[in-house]
Amino acid sequence: MNSDLINLFAETFGISEDKLQPDATLESLGLDSLAVIEFMFQVEDKFDIQIPDQANPPRTLSEMVQLIEPLLASGKPAA
């Protein structure tokens, strides 16, 4: 998983990185849907990317990383 993204996640929510396992649900980490959306906006601003709107927002840390990591790797905003 992208260490910059995990570091930002840990700092934003005050969660120890050792608790951030790929299969951890965002709900089990204490996040509601609004917190997830706010975090995704924060990621967009920090990394200058555009995350596509999702009908079904990510439910696990792994799903969130899978959504965001390719955009970080490309270094280009998504269309």
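- Residues Phe9 and Val43 have side chains not in contact (no heavy-atom distance under 4.5 Å, counting atoms from C-beta outward).
- Considering OG1 of Thr60 and CD of Gln66, their distance stands at 7.0 Å, rounded to 0.5 Å.
- Between Thr12 and Phe39 there is a side-chain heavy-atom pair separated by less than 4.5 Å.
- Taking all atoms of both residues into account, the shortest heavy-atom contact from Ser28 to Ala24 is OG-C, 4.1 Å.
- Taking Phe47 as the reference, nothing meets the ring-ring contact (aromatic ring centres under 6.0 Å, His included) condition, with sequence neighbours excluded.
- When every heavy atom of Pro70 is checked against every heavy atom of Leu67, the shortest pair comes out as CD-O, 3.8 Å.
- Side-chain contact between Glu69 and Leu5 is absent, with no heavy atoms from C-beta onward closer than 4.5 Å.
- Remark: Ser33 engages no residue in a side chain to side chain contact (heavy atoms under 4.5 Å, CB included) (not counting sequence neighbours).
- How far CG of Leu29 is from CD1 of Ile15: 4.5 Å, rounded to the nearest 0.5 Å.
- In this structure, Glu38 has no side chain to side chain donor-acceptor pair (under 3.5 Å) partners at least two apart in sequence or on a different chain.
- Residues in residues 23-37 take part in no salt bridge (charged side-chain N to carboxylate O under 4.0 Å, His left out) pair, two or more places apart or across chains.
- Using a 4.5 Å cut-off on side-chain heavy atoms (C-beta onward), Pro52 and Leu71 make contact.
- Within the model, atoms CG of Leu26 and OG of Ser62 stand 10.0 Å from one another, a figure rounded to the nearest 0.5 Å.
- Using a 4.5 Å cut-off between side-chain heavy atoms of Ile, Leu, Val, Met, Phe, Trp and Tyr, Ile37 falls into a hydrophobic cluster with Phe41.
- The shortest distance between side-chain heavy atoms of Met40 and Pro58 falls below 4.5 Å.
- Counting heavy atoms from C-beta on, the side chains of Leu61 and Gln21 never come closer than 4.5 Å.
- Here salt bridge (charged side-chain N to carboxylate O under 4.0 Å, His left out) pairs that include residues 50-64, with residues two or more places apart or in two chains, are Arg59-Glu63.
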